[in-house]
Undergrad: 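Structure below; questions to follow.
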Amino acid sequence: MKTIIHFVILIALSVNLQAQSLAGVESVEYDPINNRYLTSSDNTSIVAIAPNGALSYFGSGAQASHGMEVVGAALYVIDGTTIRCYDLITENLIFSQTVSGSQFLNGMTSNGTDSIWFTDFSGKDIYAMDVTDPSNYTMIVQNISETPNGISYDSENNRCVFVTWGTGKVKEMDLTTNVISDVVANTGLFNIDGIDRDAQGNWYLSSWGNSSNPQITKYTNDFSSSETITVPGISSPADICYAPETDTLAIPGGDQVLFVGFESTSVGIEEENFEAYRIHYNSGYPVVQFDFNEDQDAVLEIVDMSGRVVYTILDGHQPKGAQMVVFSSIGLYSGAYFCRLQSKELSFAERIIIP
């Protein structure tokens, strides 16, 4: 069984020309050539994130406002209504192509070789571009009934799968006919922003929900079942990126990028009443899993040994179904705490260790 841990919130360094901080992060993409992550932001600069968390500006005046995609040794980005391409090694601009007639380009995906697809959030359109000839772009779907946002290529089924803002749908575009149809007509999510797929074929959706309930939702390969993944500290999760090279899901949002790592084994397993809930450890960090049979109000808190609530993870209405909560980087000192869940259906208080 795959287990999930929540890694570190990145801290900006201040040296020479390094970026001081992240701001309004909209998208993140892994660069396997240089083993780093690249982000786009509200101020349109591209920031590179090194493995040790150090931040630096990518290129000289390189710009990206939203979606990003690495294809070979090139980085393709959206900047307003323009598609730009940069060399990952030299960081120089290769081309800049304005997409005539577009209004607000947002999500981007590729087939990994010669084609990219991108959504127009305001125009409710989808475009295709041949990156070997960037002037060769086409609006292949026009006036979609919902607002398209994040988009992901699915080679197995010759389609692009995309999510919608506001209506909470998962839809697909057949790449032979360009016909649009529903994959999940009602996810129960509000304002879905990003979508990506892991090495096992599972899908991950980032949704804003409301200010108290942003989340990542994991779907199986065929979208037949789902699981909510709660990441403490998550805020306005945007265009997520799964990197098979590091087996990690990067979650941009607000002024940070959060990382969720996947591992096939766990250590220090501690189980109680497995049918109702499970608490175990992955790389030293606690992971809590539980399953509600129906919608209900729930409070999930971290309590210190004196009984004082030091961190509230969930507080309010929760949907039925499986949920996973991953821990670390929540501002707590190392030591022993209690993880306490109280709801109509389930109640427990279990001792956990924060490393």
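Since this is a predicted model, take the numbers as computed values, not measurements.
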Undergrad: Are any non-hydrogen side-chain atoms of E91 and S60 less than 4.5 angstrom apart?
TA: no

Undergrad: Under a 4.5 Å cut-off applied to non-hydrogen side-chain atoms, are M129 and P134 in contact?
TA: yes

Undergrad: With a 4.5 Å limit on heavy-atom distance, are the side chains of H317 and D297 in contact?
TA: yes

Undergrad: Would you please indicate yes or no on a ring centroid separation below 6.0 angstrom for Y242 and Y204?
TA: no

Undergrad: Does the side chain of E172 pick up a donor-acceptor pair with the side chain of S181 at under 3.5 Å?
TA: yes

Undergrad: Considering only NZ, NE, NH1 and NH2 on the basic side and carboxylate oxygens on the acidic side, decide whether K171 and D182 come within less than 4.0 Å.
TA: yes

Undergrad: Is any side-chain heavy atom of P32 closer than 4.5 Å to a side-chain heavy atom of V70?
TA: yes

Undergrad: Would you mind reporting whether L105 and V99 have side-chain heavy atoms less than 4.5 Å apart?
TA: yes

Undergrad: Calculate, to the nearest 0.5 Å, the distance between atoms OG1 and CZ belonging to T119 and F104 respectively.
TA: 8.5 Å

Undergrad: Does a donor on one side chain sit under 3.5 Å from an acceptor on the other, for S27 and E29?
TA: no

Undergrad: Do L258 and M324 share a hydrophobic cluster (ILVMFWY, side-chain heavy atoms under 4.5 Å, transitive)?
TA: yes

Undergrad: Rounded to the nearest 0.5 Å, how far does OG of S206 lie from CD1 of I229?
TA: 11.5 Å

Undergrad: In sequence, state the C-alpha distance, the side-chain angles, and the governing distance for L88 and L38, and then conclude on side-chain contact (heavy atoms from CB on, under 4.5 Å).
TA: CA-CA 10 Å; L88 284 173; L38 302 171; 3.8 Å; yes

Undergrad: Is there a side-chain contact between F292 and S343 in this structure, where contact means two heavy atoms from C-beta onward sitting under 4.5 Å apart?
TA: yes

Undergrad: What's the separation between atom CZ in R84 and atom CD1 in I78, rounded to the nearest 0.5 Å?
TA: 12.0 Å

Undergrad: Using only heavy-atom distances, determine whether the side chains of N158 and T176 contain a donor-acceptor pair under 3.5 Å.
TA: yes

Undergrad: If you group Ile, Leu, Val, Met, Phe, Trp and Tyr by side-chain heavy-atom gaps below 4.5 Å, do I144 and I151 land in one group?
TA: yes

Undergrad: Give, for atom CG of D154 and atom OG1 of T109, the distance between the pair rounded to the nearest 0.5 Å.
TA: 9.5 Å

Undergrad: Given a cutoff of under 4.5 Å between side-chain heavy atoms of I, L, V, M, F, W and Y, with clusters grown through shared members, what are the other residues clustered with F223?
TA: V161, V163, V170, V183, V184, L189, I192, I195, W203, L205, Y219

Undergrad: For the residue pair E146 and T167, confirm or rule out a side-chain donor-acceptor distance under 3.5 Å.
TA: no

Undergrad: Can you list every ring-ring contact (aromatic ring centres under 6.0 Å, His included) pair that touches residues 122-144, not counting sequence neighbours?
TA: F118-Y127

Undergrad: Is P237 close to D193 at the side-chain level, that is, under 4.5 Å between some pair of heavy atoms?
TA: no

Undergrad: Return yes if a side-chain donor-acceptor contact under 3.5 Å exists between Y277 and D291, otherwise no.
TA: no

Undergrad: Find out whether P252 and I240 are in side-chain contact, i.e. whether some heavy atom of one side chain is under 4.5 Å from a heavy atom of the other.
TA: yes

